[in-house]
Student: 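Below you will find the structure I want to go over with you.
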Amino acid sequence: MQNTAIIDSDTLDHVVQVAKAAGDTLRAGILQVLNNESYGVLELGRIFAMAQPAISHHLRVLSEAGLVSKRKEGTSIFYQRTNALGEPLLQALFAEIDAKPVPSEVQKQIKAVYRDRQHHTSEYFATRTDALTTQQELICAPTVYTAAVLEAAGINPAAAPPRGRDGKPKALEIGPGGGDLLTQLSPHCDSVLAIDNSAEMLAEAASAAASLPNVELQQQDFADFQTTTGFDLVLATMVLHHQPSPSQFFRQVQALLKPNGIFVIAELCAHSHEWVKQHCGDFWLGFSAEQLSHWAAQVGLTICHHQYFAQRNGFTVQVVAFRPPDTSDQPNPLDNKTRKPT
């Protein structure tokens, strides 16, 4: 008979629980799709063609084993994979799961979930002619963060821009809004491409860009945007909280950014004001610095500038700049003097 008295259950219980939780094809699949992304119960049920009670059971098993955690977005609950930093067992498990390809049918359903998320925002901006005004009145006007965005990008609007095209960056602005940033970027850039998937939003920026010969407006879904040249500077102000997948957004930016380029965002800090979903078309209730840093790190970017601005109705705006971590010794075309996060 085996002598179980010599087995220290206290040191093995967690290993056994993790092994049992992950030792199921469906639960391993859930962990796979939760890599860098978070989903609600109904979304996961759709992805895996499973009823809510059944998917909730599997999430409970994964949660009890410490493999997934919950994040509240107002009254909504999203599940995400546990941060495996400092957990060799979880790191090894997740690495093995992530090395396997996601089944094509699962990928198809994930894209369908993203389309539904995008529809929430697209419908809002398509039907609200006062969308920009409403957001600025309720949350934040561009004047609050525009100067900080330019500073993070290494641009001094008060200084005379260099003559000619030499030394001027090629810039991309995602979601130009009313064009407030375009007018200040234009003199300091070789070219500025502004894209938005909403014709109504581009119309808002058109008047500001009409007299700017190096600015091009393009109706384009950012997730599908491709180029062969890349950009020195990518900017997105008050855009990320509308994106169906922030992690995919960072991945797309990294693919478009030149090796010594800079990515700058102005974004809301995490908050609990769920009314913005209805009144401002937001999908996410802001983001923590840890979330932004995690998504950036996954694609090889690090934070090089971080500022906070208290704003009306209890909101806080953050301006964050990212760049590849291995370019510190390379000349920066924007001559950016960044500050450590505060």
Side-chain angles (χ1 to χ4, degrees), residues 73-76 114-150 157 171-186 192-212 215-225 234-246 249 264-287 308-319:
E73 288 280 331
T75 58
S76 301
Y114 288 164
R115 285 196 300 270
D116 283 354
R117 289 180 175 183
Q118 187 65 54
H119 179 73
H120 169 82
T121 297
S122 300
E123 185 178 41
Y124 173 83
F125 285 108
T127 57
R128 292 288 299 270
T129 57
D130 63 340
L132 288 178
T133 301
T134 299
Q135 289 195 63
Q136 293 174 16
E137 290 178 348
L138 293 176
I139 300 178
C140 185
T143 52
V144 171
Y145 53 78
T146 296
V149 168
L150 293 169
L172 169 69
E173 184 178 8
I174 307 158
D180 301 83
L181 195 56
L182 290 177
T183 57
Q184 300 193 57
L185 279 174
S186 175
V192 183
L193 174 61
I195 67 172
D196 200 304
N197 63 356
S198 168
E200 292 79 12
M201 290 299 97
L202 284 178
E204 293 279 348
S207 58
S211 60
L212 306 175
V215 172
E216 177 187 355
L217 300 180
Q218 186 178 123
Q219 185 176 354
Q220 172 77 56
D221 191 328
F222 179 62
D224 299 325
F225 178 70
V234 177
L235 305 104
T237 60
M238 296 300 169
V239 167
L240 192 61
H241 56 253
H242 293 298
Q243 296 301 308
S245 172
F249 186 85
V264 183
I265 67 171
E267 187 51 65
L268 295 174
C269 294
H271 62 86
S272 59
H273 303 296
E274 191 169 16
W275 55 263
V276 298
K277 293 185 177 183
Q278 178 182 355
H279 294 284
C280 300
D282 295 14
F283 188 85
W284 304 104
L285 303 184
F287 306 98
Y308 295 94
F309 302 87
Q311 191 48 28
R312 70 194 72 177
N313 293 331
F315 292 99
T316 301
V317 176
Q318 54 189 325
V319 172

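Just so you know, residue 1 is the first one in the sequence shown, and it goes up from there.
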Student: Any donor-acceptor pair under 3.5 Å linking the side chain of T127 with the backbone of E123?
Tutor: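 Looks like yes, one N/O pair under 3.5 Å.
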Student: Taking side chain to side chain donor-acceptor pair (under 3.5 Å) as the test, write out the residues that go with N313, two or more places apart.
Tutor: none
Student: side-chain contact (heavy atoms from CB on, under 4.5 Å) between T134 and R128: does it pass, once the steps are laid out?
Tutor: CA-CA 9 Å; T134 299; R128 292 288 299 270; 3.2 Å; yes
Student: Indicate yes or no for a side-chain donor-acceptor contact from H120 to the backbone of D282 under 3.5 Å, with no hydrogens or angles considered.
Tutor: yes
Student: Can the ring centroids of H273 and F315 be said to lie less than 6.0 angstrom from one another?
Tutor: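 Distance test on ring centres: under 6.0 Å, yes.
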Student: Kindly say whether H279 contributes a backbone atom to a donor-acceptor pair with the side chain of Y124 at under 3.5 angstrom?
Tutor: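 Yes; judged by distance alone, with no hydrogens or angles, the pair exists.
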Student: For the side chain of S186 and the backbone of T183, is there at least one donor-acceptor N/O pair under 3.5 Å apart?
Tutor: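 No; zero donor-acceptor contacts below 3.5 Å.
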Student: Do the side chain of E73 and the main chain of L285 share a donor and acceptor less than 3.5 angstrom apart?
Tutor: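 Yes, the answer is positive, given that a donor and an acceptor are paired below the 3.5 Å cut-off.
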Student: Looking at side-chain heavy atoms only, is the closest gap between I195 and Q219 below 4.5 Å?
Tutor: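 I195 vs Q219: side chains apart.
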Student: Who are the side-chain contact (heavy atoms from CB on, under 4.5 Å) partners of Q118, not counting sequence neighbours?
Tutor: T121, S122, N197, P244
Student: Do F125 and H242 have ring centres separated by under 6.0 Å?
Tutor: yes
Student: F222 and F249: aromatic ring centres closer than 6.0 Å?
Tutor: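 Close enough - the centres of the two rings lie under 6.0 Å apart.
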Student: Please give me the minimum heavy-atom distance between P157 and Q184, naming the atom from each residue.
Tutor: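 Closest heavy-atom pair between P157 and Q184: CB-OE1, 3.7 Å.
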Student: For T316 and Q311, which I'm curious about, is there any donor-acceptor pair between the side chains at under 3.5 Å?
Tutor: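 No, no side-chain donor-acceptor pair sits under 3.5 Å.
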Student: Do E267 side-chain atoms and L240 backbone N/O form a donor-acceptor pair below 3.5 Å?
Tutor: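 Judged by distance alone, yes, a pair lies under 3.5 Å.
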